[in-house]
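To find a chain, count down the sequence lines: A is the first, B the second, and so on, and within it residues start at 1. For clarity, every value in this text was computed on a predicted model and none was experimentally measured.
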Number of protein chains: 2
Amino acid sequence: MVTIKDIAAMANVSRSTVSRVLNNSGYVSEEARKRVEEVIEQTGYVPSGYAKSLRTKQTKVIGVILPTIQTETPSRVVTGLGRELSKHGYQILLANTDHDKEKELEYLDLLVRQVDGIVLIATNTEPEIMEKIKSIPLPLVMIGQETEKVMCVTYDDYHVAREITAFLIQKGHRRIGFIGVDETDRAVGYMRKKGFFDEMEAHHLAVEEAWVEKCVFDIYSGHEAMKNILNRSIQQPTAVFAVTDRLAIGAMSYLKEQGFEIPQDMALVGIGASELSQYVDPPLTTVDYKNETAGEEAAKQLLAHIQGQEFQKKLVLDYRLIIRDSV
Amino acid sequence: MVTIKDIAAMANVSRSTVSRVLNNSGYVSEEARKRVEEVIEQTGYVPSGYAKSLRTKQTKVIGVILPTIQTETPSRVVTGLGRELSKHGYQILLANTDHDKEKELEYLDLLVRQVDGIVLIATNTEPEIMEKIKSIPLPLVMIGQETEKVMCVTYDDYHVAREITAFLIQKGHRRIGFIGVDETDRAVGYMRKKGFFDEMEAHHLAVEEAWVEKCVFDIYSGHEAMKNILNRSIQQPTAVFAVTDRLAIGAMSYLKEQGFEIPQDMALVGIGASELSQYVDPPLTTVDYKNETAGEEAAKQLLAHIQGQEFQKKLVLDYRLIIRDSV
DNA sequence: CTGTTAGCGCATTCAA
DNA sequence: TTGAATGCGCTAACAG
């Protein structure tokens, strides 16, 4: 492997000079620069990243920890992150925890010494993890979960849920069901649920227990939830608010199996603006969270932090209600 | 930052001894090991990855280059890769080219000095890229495209296409349309098309030009392709084979807009077994390529290569026809 | 079983 | 404007 030493020898200069042209720092005569550049061109020399890192204490790498890359939210966020980071010469080290808390803890430790900053996507916020996170001596940003003392880029899940519920009510629905997820997921589980219930209460609308289901994050779970709601309810709801598109789509598939017409027999809304949502039948009313933008913003703030510039500690992103035919 | 030197001092041993317990190499007395481990525990010390890399010439990082992470194929592959790699202590450095050839070339150069091996997912195989690839002095595996001289994990696109075409024919279809992609994509564009035409010819079935469309990889493109086929054909096909699920789903959405019943008025098949495919109406007949397995296998072969063990230069993976209601 | 030594490839003083 | 010298944190002979 050709090193800076070889280049120096071939160009008849010292390593320092090569280093200077490499980094465009300090004085280098035109002549010397030209010689060095020629040799670099010829040899196809690329400096060793880790040697450089060892010296400068910068890796130009950002660690990204996520529970899965197979759903649209994280993959969109990663796309946004990558776009912004690559503009500044940073790369992404990907750590997929596969929803495993232990792995998340491990990765956090592992990454500390290998990256300049960390992005956490859709982590759960249980104490053990939060404690570890707070102990990380590196710029770190969480996307999708709001927490104290940690930099974060989030959505206003509470008001989204209120707005979407209000929309259902405005459309004439009075009995509305709810398909949520565990409340340990503060953003998706807790805030969206709270938004829903608060809005219902504000309209003096009751929510029967039979209309409420708790799922995990997959389509089939939404399917089963809808089944449970239907089987259990004395008086059935006329609309259901599912906290994610996948859940809504699962619910939709069950409704169709049972011969329900949507939205006449049952209205349905989700959140996420998944690609899926526009190609199911009928197209799903949902909320666009602009995940790529979230990724870009998170990257910007994180880099600002890393470079010692001013940055936003909390950033709440915009959203957009997409009204389609499922309501 | 606490270094190996600090640990050594605190445990009253030399740096070598600390290194030995860290790497479980050479002899270390129980007593010394215990002291060292205690100090490490207390301080939360983690060795510096790049210092280690500089010394050992190993980064324990694999570079993964892909055109997008927002479609299911690459994200599944990455999941498989990650699962297998993490078992062996390797990590993933993600390079998203956003379908940009220049970026791909750049990343290839950049990664060379930062990783122990490279995985290329769904790259196009044009000469300029292939040349660069061949010049990479690192173990490298391509997933999804078969090429000479480069290690690869692929699917048997040709026979998949023949089989799926045969299936349509066996179901009684004689006039079959084809929605493909550019043939510069050898696997998806060229092989699948060839498989289709060869199978049709083997059954002495003609394919009218009007039934054949070339798309880009998105749902809307499939929608437009179906529109074109319908508008252009004197005698319309009774079935359409789309080379990806997304294309098929786009086609399906146009057919529904036009009031077609599927499969009675038009049968439809795709390839990919996307999650989407089972929740559209009717569920799409498709082919499961087991992308996660491809990722795992690619990782295994690549690691074998890196570790100087025997490895498969070419690996062709299994597939599975999933028959649903769109035919 | 353990410590001393050397050097990986680079950036950065400091002197010239 | 340039080069010599130093050291980042670690591993791997080697000698004890």
Side-chain angles (χ1 to χ4, degrees), chain A residues 1-37 39-40 43-61 89 109-116 137-138, chain B residues 1-40 43-61 89 91 109-116 137-138:
Chain A
M1 190 91 289
V2 35
T3 73
I4 197 172
K5 206 172 149 189
D6 304 318
I7 303 294
M10 295 172 74
N12 256 308
V13 294
S14 71
R15 289 166 351 202
S16 334
T17 301
V18 178
S19 177
R20 287 191 193 99
V21 348
L22 246 27
N23 300 294
N24 246 304
S25 65
Y27 299 99
V28 177
S29 67
E30 259 323 302
E31 204 189 353
R33 150 163 288 122
K34 211 173 142 192
R35 281 211 309 283
V36 170
E37 281 170 346
V39 175
I40 288 179
T43 54
Y45 165 72
V46 180
S48 154
Y50 35 87
K52 191 168 178 165
S53 294
L54 180 57
R55 191 58 235 257
T56 61
K57 306 291 166 212
Q58 274 201 60
T59 63
K60 290 282 195 172
V61 173
D109 273 331
L110 187 62
L111 290 181
V112 166
R113 297 288 245 120
Q114 313 201 29
V115 300
D116 294 343
L138 236 45
Chain B
M1 190 92 290
V2 34
T3 73
I4 197 172
K5 205 171 150 190
D6 304 319
I7 304 296
M10 295 172 74
N12 255 308
V13 293
S14 71
R15 286 160 5 202
S16 341
T17 302
V18 177
S19 178
R20 287 190 193 99
V21 349
L22 245 26
N23 300 292
N24 247 304
S25 63
Y27 298 101
V28 178
S29 67
E30 258 324 300
E31 206 188 351
R33 149 163 290 123
K34 210 172 140 193
R35 280 212 309 282
V36 170
E37 281 170 346
E38 263 170 21
V39 176
I40 289 179
T43 55
Y45 165 72
V46 180
S48 154
Y50 35 87
K52 190 169 177 165
S53 294
L54 182 58
R55 194 55 239 254
T56 60
K57 306 292 166 208
Q58 275 201 61
T59 64
K60 289 281 194 172
V61 173
Q91 299 184 76
D109 273 330
L110 187 62
L111 290 181
V112 166
R113 298 288 244 120
Q114 314 202 28
V115 301
D116 294 343
L138 234 49

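Put simply, the side chain of B:Ser48 does not reach to within 4.5 Å of the side chain of B:Thr3, judged on heavy atoms. Using a 4.5 Å heavy-atom cutoff, the side chains of B:Tyr45 and B:Val36 are not in contact. Put simply, the side chain of B:Gln91 reaches to within 4.5 Å of the side chain of A:Gln114, judged on heavy atoms. Using a 4.5 Å cut-off on side-chain heavy atoms (C-beta onward), A:Asn24 and A:Arg33 make contact. Counting only heavy atoms from C-beta outward, the side chains of B:Pro47 and B:Ile4 never approach each other to under 4.5 Å. Taking 4.5 Å as the limit, every side-chain heavy atom of B:Val2 sits out of range of all side-chain heavy atoms of B:Met10. The shortest side-chain heavy-atom distance between B:Ile7 and B:Val18 falls under the 4.5 Å cut-off.
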Criterion side chain to side chain contact (heavy atoms under 4.5 Å, CB included) on A:Leu22 and A:Lys52, from CA distance to verdict: CA-CA 11 Å; A:Leu22 246 27; A:Lys52 191 168 178 165; over 6 Å; no
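Annotation for B:Thr59 and B:Asp116: closest pair N-OD1, 2.8 Å, computed over non-hydrogen atoms. The minimum heavy-atom distance between B:Arg20 and B:Val28, with the atom names listed, is CB-CG2, 3.5 Å. In plain terms, the two heavy atoms of A:Val21 and A:Glu37 that are nearest each other are CG2-CG, 4.4 Å. Shown here for A:Ala11 and A:Arg35, the closest heavy-atom pair between the two residues is O-NE, 2.9 Å.
In terms of modelled atom types and a separation under 3.5 Å, the side chain of A:Arg113 and the main chain of B:Val46 share a donor-acceptor contact. In terms of modelled atom types and a separation under 3.5 Å, the side chain of B:Arg15 and the main chain of B:Ala8 share no donor-acceptor contact.
For the segment residues 46-55 of chain B, residues with any heavy atom less than 4.0 angstrom from an atom of DNA chain C are, sorted by number, B:Leu54, B:Arg55. Interface residues of residues 1-9 of chain B facing DNA chain C, ordered by number: none; criterion, heavy-atom separation under 4.0 Å. Scanning residues 26-35 of chain A for heavy-atom distances under 4.0 Å to DNA chain D yields A:Tyr27, A:Val28, A:Ser29, A:Ala32. For residues 15-24 of chain B, proximity to DNA chain C is found at B:Arg15, B:Ser16, B:Thr17, B:Arg20, defined as any non-hydrogen atom under 4.0 angstrom from a strand atom.
For A:Tyr45 and C:dC10, the OH to C1' distance is 7 Å, given to the nearest whole Å.
Put simply, CZ on B:Arg55 and OH on A:Tyr50 are 12.5 Å apart, with the number rounded to the nearest 0.5 Å.
Secondary-structure annotation of DNA chain C gives the stems C:1-16 with D:1-16, with a stem taken as at least 3 successive Watson-Crick or G-U pairs whose two distances both fall under 3.5 Å.
Taking 4.0 Å as the cutoff to heavy atoms of chain B, we find the contact window on DNA chain D bounded by D:dG9 to D:dA13.
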